Amino acid sequence: MFGVLGAMEEEVKALRMSLARPITKTVLGIQVTSGQLDGTELLLARSGVGKVNAALATAALVQLGATKVVFTGMAGGIGDGVKLGDVVVATDLVQHDIDVTAMGRKPGELLDEPLSWPTDPALSADLALAAAAHAATVHRGRIASGDQFIASPSVAKRIAAQFGAIAVEMEGAACAQVAAKLQVEVGILRWISDTADEKASTDFPAFCNHIAELDLAILRTLVAH
Ligand code: ADE
């Protein structure tokens, strides 16, 4: 069963309104709605912003039976040619704000854990296909997550160079890390709402209202697949 997560209300509202026979339960402090999208049963929740919220919400969906978790929403584009309105489907994710380098680990690396968390290749291929039907350009590549809204070209450049990431957001890597530990499939799809520069804080809210319907269209294509 699919479990769909978005950090913000704007990112999940259209999907929630489209679910037939919705039932909402609270699990691990997360309100999860189950219902049918075009006849396919799925779970949906708003995680809240940031890695801790994303981790908890992923666990809540898995506890309720999700076996394929999709995190969707917005991201800042930091890769060459990654532009406003493009979609990025993650191949893998890193946590750019982890720093245990004083103990000999690489930037982004925890003790005895992988540096990056992969997404499921088949689910990601399906997501990219579904996105291509509704977005101009779909990129596949690494996403960097951290508990920071990036609005500085120099920081964006550093994250791109240090991690080889093409987009930044605040939840995906935590979702992928929990999915790996709980042995469920994960896919991360992000709309580029800004390019993580000085204009990011105004570009981002302007884009918010725009994405919900597009996201819903992609998820409809995905579940029909
Ligand atoms: N989500 C959308 N844009 C972002 C940015 N610039 N930094 C972090 N998360 C984001």
Side-chain angles (χ1 to χ4, degrees), residues 4-15 45-58 69-99 107-108 116-117 119 127 131 135-178 186-216 218:
V4 180
L5 288 170
M8 294 165 58
E9 184 57 19
E10 293 87 334
E11 293 167 330
V12 295
K13 194 169 163 189
L15 179 56
R46 174 175 68 86
S47 62
V49 173
K51 293 191 294 175
V52 172
N53 284 326
L56 190 61
T58 304
V69 177
V70 174
F71 209 112
T72 172
M74 289 167 284
I78 61 170
D80 283 344
V82 179
K83 299 181 299 298
L84 241 70
D86 290 356
V87 162
V88 172
V89 175
T91 48
D92 63 337
L93 298 99
V94 294
Q95 299 182 44
H96 66 75
D97 55 352
I98 286 177
D99 183 354
S116 85
W117 302 90
T119 55
L127 270 174
T137 307
V138 181
H139 307 267
R140 300 290 311 275
R142 178 175 283 178
I143 291 180
S145 309
D147 287 322
Q148 298 163 0
F149 186 85
I150 308 297
S152 148
S154 62
V155 176
K157 230 183 195 162
R158 191 222 357 119
I159 293 171
Q162 198 161 38
F163 296 102
I166 62 170
V168 278
E169 38 84 307
M170 302 177 68
E171 295 86 18
C175 175
Q177 181 176 359
V178 170
V186 66
I188 313 284
L189 180 147
R190 293 291 191 171
W191 290 88
I192 299 303
S193 58
D194 58 79
T195 46
D197 57 14
E198 299 87 349
K199 296 197 299 306
S201 54
T202 46
D203 284 348
F204 171 77
F207 202 80
C208 260
N209 301 322
H210 185 64
I211 88 147
E213 295 297 327
L214 293 167
D215 237 18
L216 175 59
I218 292 179

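Computed over heavy atoms, backbone and side chain alike; hydrogens, waters and symmetry mates excluded. Small disclaimer: the values here were computed from a predicted structure and weren't measured. When a ligand or atom number is given, it counts from 1 through the structure's own listing order.
With sequence neighbours left out, the salt bridge (Lys or Arg N to Asp or Glu O under 4.0 Å) criterion links Lys157 to no other residue.
Looking only at atom types and distance, the side chain of Gln95 has no donor-acceptor partner in the side chain of Ser145 under 3.5 Å away.
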For a quick test of your reading: what N or O donor-acceptor pairs under 3.5 Å do the side chains of residues 74-84 make, sequence neighbours left out?
none

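Using a 4.5 Å heavy-atom threshold, the side chains of Lys51 and Ile98 count as touching.
Sorted by chain then number, the residues whose non-hydrogen atoms approach ligand 1 to under 4.0 Å are Met74, Ala75, Gly76, Gln148, Phe149, Ile150, Val168, Glu169, Met170, Ser193, Asp194, Ala196, Phe204.
Applying the ring pair (Phe, Tyr, Trp, His ring centres under 6.0 Å) test to residues at least two apart or on different chains, the pairs with a partner in residues 140-165 are Phe149-Phe204.
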message: With side chain to side chain contact (heavy atoms under 4.5 Å, CB included) as the criterion, how do Val155 and His96 come out once you've worked through the C-alpha distance, each side chain's angles and the decisive distance to 0.1 Å?
response: CA-CA 11 Å; Val155 176; His96 66 75; over 6 Å; no

